[in-house]
Asker: 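Please read through the structure below; I'll follow up with questions.
Because only heavy atoms are used, hydrogens play no part in the values below, and waters and symmetry mates are left out as well, while side chains stay in.
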Amino acid sequence: MTKRIILFSLAAALLLGGCEQPSVLERVQASGELLVATRWSPASYFQGPQGPAGLEYDLITRFADELGVAARFVHPQPLRQLLAELRRGRVHMAAAGLTVTPEREQTLRFSRAYQTVTQQLVYRRGNYRPKELSDLGDGMLEVVADSSHAENIARQLGTGRPRAQWRAAPEYTSEELLARVNDGVLAYTVMDSNELALNHRYYAHVEPALDISAPEDLAWAFPDWPDDSLVEAADAFLQRMADDGTLQRLLEHYYGYVGRLQFVDKREFQRHLVERLPVYQPHFEEASALVDLDWRLLAAVGYQESHWDPQAVSPTGVRGIMMLTTDTATRIGIGDRADPRASILGGARYLRQIEAKIPDRIPEPDRLWLALAGYNIGFGHLEDARVLTQRQGGDPDRWAEVKKRLPLLSKKCYYSTLKHGYARGREPVSYVENVRNYFDLLVWHTNNARRQAQIGARGQASGG
């Protein structure tokens, strides 16, 4: 039903003296806008290199499209304010990674679940690691006020116990508390397992100590409206997303590659950010302008290849920051593979050449992940993996499907039936997912640096 028809129907009902009020869903559709409260979080909603992103953002924009309206996101802070705006009906719904709890169900309505998580007690690596929640030693535990974590801790520990010191902190977000643990300012916090998995890459010193809850559902929340029409529409939508595989693909997109980097990897990366990247960043930016790819993506490729070491050489003879073979360097006109600028510009051109061979019908970001796999293993082997994917009933245009088949290229019963033969197929899977992690880290690092510079500039302008 279009917006014009809905408005006509409502007007006709009023003219005919009908007493029946339009449903919540009809009012949303008549307004043309779905007002959604969310949180700034890598698990919900964030500004990515190409604009807004996040699991909640992707799901809600699809839901709004299905309703025939535009989604408008608001970000009430802190969590207490978000929940208050929701209960008062000032927004139509909240998509903010909210856990379904008995306390919240007394005043809110929830959709069907779209993700399951556990609550995890988080500590700083190397410090005392509790074996149970009641054994925190002398450390202080802080959680976000009005969160499901605060409800859980209150149920398990109560208040006022000297051996279980904790507080609900209204002044911090969950990521800010995680940063305090990472910096050694705070002993413990609690974070949902999905958020910790995404944030773990950015805070090298934090680790989960133990799970402190059974698996819990995340769902969309709604005010306690007089009818269930909008909740029912959300349930039907989420069920379709689960049935047709879209939900699983989105979960794979945001979570499928995280968790690969170990503590040593993250610590070494942080060191090279300071010691090496500033020297080569101008070359990555020049290459970015040349091939129209985010310089941070190119830098992530360079880091995965060589850790930004221009003298790097592999046992197979590839060389330089972008680890080019002799044949590849010759084809793209690179004379000295150890020259940092030449290697970076050449590697960027080569990645674009690989990407140009991929069928135009394949959309981003799958197109990019497939191109990166081809950069690592060679385009011929990538095509073999796509052929094998199609043979097995998978979608050869989706990275999540192709990456399942790439490791099979090392098995004779498979590679003997393919054009390009044997390949170490596990390597491009690790390669692509490490590049994605390093790219996320670089985006996070540069965004933080930009925010700090803006804060400094405001301080100088105000005479601080």
Side-chain angles (χ1 to χ4, degrees), residues 39-43 78-80 97-99 101 103 115-216 218 255 258-274 437 440-441 444-445 448:
R39 290 188 294 168
W40 294 106
S41 164
L79 178 60
R80 176 180 295 171
L98 295 176
T99 304
T101 68
E103 290 87 345
Q115 195 172 5
T116 302
V117 300
T118 57
Q119 296 185 26
Q120 295 182 314
L121 181 71
V122 183
Y123 78 113
R124 192 178 195 277
R125 183 186 180 95
N127 289 353
Y128 176 70
R129 179 178 182 175
K131 299 297 188 296
E132 55 186 26
L133 185 57
S134 60
D135 180 25
L136 300 181
D138 296 325
M140 185 66 179
L141 165 64
E142 292 186 2
V143 297
V144 175
D146 297 288
S147 65
S148 59
H149 308 151
E151 293 176 10
N152 185 24
I153 297 298
R155 283 194 298 268
Q156 294 195 50
L157 297 183
T159 58
R161 295 176 57 188
R163 294 293 295 170
Q165 299 173 344
W166 74 279
R167 66 180 289 264
E171 69 271 29
Y172 295 115
T173 66
S174 57
E175 186 174 346
E176 289 168 339
L177 290 173
L178 190 69
R180 285 165 58 79
V181 174
N182 185 76
D183 296 340
V185 177
L186 177 65
Y188 312 106
T189 191
V190 175
M191 184 169 268
D192 287 342
S193 54
N194 65 323
E195 286 197 279
L196 183 59
L198 292 172
N199 280 291
H200 205 187
R201 298 166 294 169
Y202 311 132
Y203 300 98
H205 298 287
V206 298
E207 295 287 347
L210 70 155
D211 291 349
I212 63 167
S213 77
E216 299 178 318
L218 301 186
Y255 295 96
V258 301
R260 285 186 171 271
L261 301 185
Q262 303 302 312
F263 171 71
V264 173
D265 300 321
K266 291 179 281 189
R267 184 177 59 183
E268 188 174 27
F269 180 79
Q270 294 294 333
R271 179 166 60 84
H272 289 154
L273 272 176
V274 176
N437 274 300
D440 285 351
L441 285 166
W444 185 81
H445 170 76
N448 270 1

Asker: Any side-chain heavy atom of Leu178 within less than 4.5 Å of one from Met191?
Answerer: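 They are in contact (side-chain heavy atoms under 4.5 Å apart), so the answer is yes.
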
Asker: Evaluate the side chain to side chain contact (heavy atoms under 4.5 Å, CB included) criterion for residues Leu133 and Ile153: first the C-alpha distance (whole Å), next the side-chain angles of each, then the deciding distance (0.1 Å), finally the verdict.
Answerer: CA-CA 9 Å; Leu133 185 57; Ile153 297 298; 3.7 Å; yes

Asker: Against Gln119, only a single residue in Ser193, Ser148, Pro208 fulfils side chain to side chain contact (heavy atoms under 4.5 Å, CB included); can you say which?
Answerer: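 The side chain to side chain contact (heavy atoms under 4.5 Å, CB included) with Gln119 is passed solely by Ser148 among Ser193, Ser148, Pro208.
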
Asker: Are a donor atom and an acceptor atom from the side chains of Thr101 and Glu151 found within less than 3.5 Å of each other?
Answerer: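 Looking only at side-chain atoms, Glu151 and Thr101 do form a donor-acceptor pair, the distance falling under 3.5 Å.
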
Asker: For a quick test of reading the model, state the closest non-hydrogen atom pair linking Pro130 to Asp135 and the distance between them.
Answerer: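 It is CB-O, 3.2 Å.
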
Asker: Give a yes or no on whether the backbone of Thr173 and the side-chain of Glu176 come within a donor-acceptor separation of less than 3.5 Å.
Answerer: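 Present.
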
Asker: Could you tell me if the side chain of Asn194 sits less than 4.5 Å from the side chain of Tyr255, heavy atoms only?
Answerer: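 Tyr255 vs Asn194: side chains touch.
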
Asker: Would Leu141 and Leu121 satisfy side chain to side chain contact (heavy atoms under 4.5 Å, CB included), going step by step from the backbone distance to the final call?
Answerer: CA-CA 9 Å; Leu141 165 64; Leu121 181 71; 3.9 Å; yes

Asker: Could you check whether any side-chain heavy atom of Gln120 comes within less than 4.5 Å of a side-chain heavy atom of Asp192, counting everything from C-beta outward?
Answerer: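 No, their side chains stay 4.5 Å or more apart.
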
Asker: I'd like to know if the side chain of Arg129 and the backbone of Ala209 have a donor-acceptor N/O pair within less than 3.5 Å.
Answerer: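 The answer is yes, because a donor-acceptor pair under 3.5 Å joins these two groups.
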
Asker: I'd like to know whether Thr118 forms a side chain to side chain donor-acceptor pair (under 3.5 Å) with Glu216, so could you lay out the CA-CA distance, the side-chain angles of the two residues, the decisive distance to 0.1 Å, and finally the verdict.
Answerer: CA-CA 6 Å; Thr118 57; Glu216 299 178 318; over 6 Å; no

Asker: Between CG of Leu186 and CZ of Arg167, what distance do you get to the nearest 0.5 Å?
Answerer: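 Answer for the CG-CZ pair, Leu186 versus Arg167, is 9.5 Å.
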
Asker: Considering all heavy atoms of both residues, which atom of Pro78 and which atom of Pro170 are nearest to each other, and what is their separation?
Answerer: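 Taking every non-hydrogen atom into account, CB-O, 3.7 Å.
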
Asker: Quick one: are Tyr188 and Met140 in side-chain contact, heavy atoms under 4.5 Å?
Answerer: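 No. Closest side-chain heavy atoms not under 4.5 Å.
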
Asker: When rounded to the nearest 0.5 angstrom, what is the spacing between NE2 in His445 and CG in Leu273?
Answerer: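 Here the rounded value is 5.0 Å.
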
Asker: Could you walk me through whether Val206 and Arg125 pass the side chain to side chain contact (heavy atoms under 4.5 Å, CB included) check?
Answerer: CA-CA 6 Å; Val206 298; Arg125 183 186 180 95; over 6 Å; no

Asker: With side chains defined as the heavy atoms from C-beta onward, is the minimum distance between Glu175 and Asn199 less than 4.5 Å?
Answerer: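 In contact.
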
Asker: Any donor and acceptor pair, going by atom type alone, linking the side chain of Thr99 with main-chain N or O of Leu218 inside 3.5 Å?
Answerer: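 Answer holds: no.
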
Asker: Heavy-atom distance under 4.5 Å between the side chains of Leu98 and Leu79, does that happen here?
Answerer: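 Sidechains of Leu79 and Leu98: in contact.
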
Asker: Side-chain contact, heavy-atom cut-off 4.5 Å: Glu195 with Arg39?
Answerer: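 Side-chain contact under 4.5 Å: yes.
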
Asker: If every non-hydrogen atom of Asp183 is compared with every non-hydrogen atom of Arg124, which pair is closest and at what distance?
Answerer: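 It is C-NE, 4.1 Å.
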
Asker: Going by the side chain to side chain contact (heavy atoms under 4.5 Å, CB included) test, name the single residue among Val143, Leu177, Val144 that passes it with Tyr172.
Answerer: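 Of the listed options, the one satisfying the test is Leu177.
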
Asker: Can a donor-acceptor pair be found, under 3.5 Å and without considering hydrogens, that links the side chain of Trp166 to the backbone of Gly158?
Answerer: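 Yes: the side chain of Trp166 pairs with the backbone of Gly158.
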
Asker: If every non-hydrogen atom of Ser213 is compared with every non-hydrogen atom of Asn152, which pair is closest and at what distance?
Answerer: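 Closest heavy-atom pair between Ser213 and Asn152: CB-ND2, 4.0 Å.
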
Asker: Are the side chain of Lys131 and the backbone of Leu210 linked by a donor-acceptor contact shorter than 3.5 Å?
Answerer: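 Between the backbone of Leu210 and the side chain of Lys131 there is no qualifying donor-acceptor contact (under 3.5 Å).
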
Asker: Does any N or O in the side chain of Asn182 come within less than 3.5 Å of the main-chain N or O of His205, such that one atom is a donor and the other an acceptor?
Answerer: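 Yes, Asn182 side chain to His205 backbone: donor-acceptor pair under 3.5 Å.
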
Asker: Name the orientation class of the two ring planes belonging to Trp444 and Tyr202 (parallel below 30°, tilted from 30 to 60°, perpendicular beyond 60°).
Answerer: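 The arrangement is parallel - the two ring planes meet at less than 30°.
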
Asker: Compare all side-chain heavy atoms of Val117 with those of Pro215 and state whether any distance is below 4.5 angstrom.
Answerer: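 Sidechains of Pro215 and Val117: no contact.
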
Asker: Take Val258 and Arg201 through the test side chain to side chain contact (heavy atoms under 4.5 Å, CB included) and record every step on the way to the result.
Answerer: CA-CA 8 Å; Val258 301; Arg201 298 166 294 169; 3.7 Å; yes

Asker: Enter the distance from Phe269:CZ to Asn437:CG here, rounded to the nearest 0.5 Å.
Answerer: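 Interatomic distance, Phe269 CZ to Asn437 CG, rounded to 0.5 Å: 10.0 Å.
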
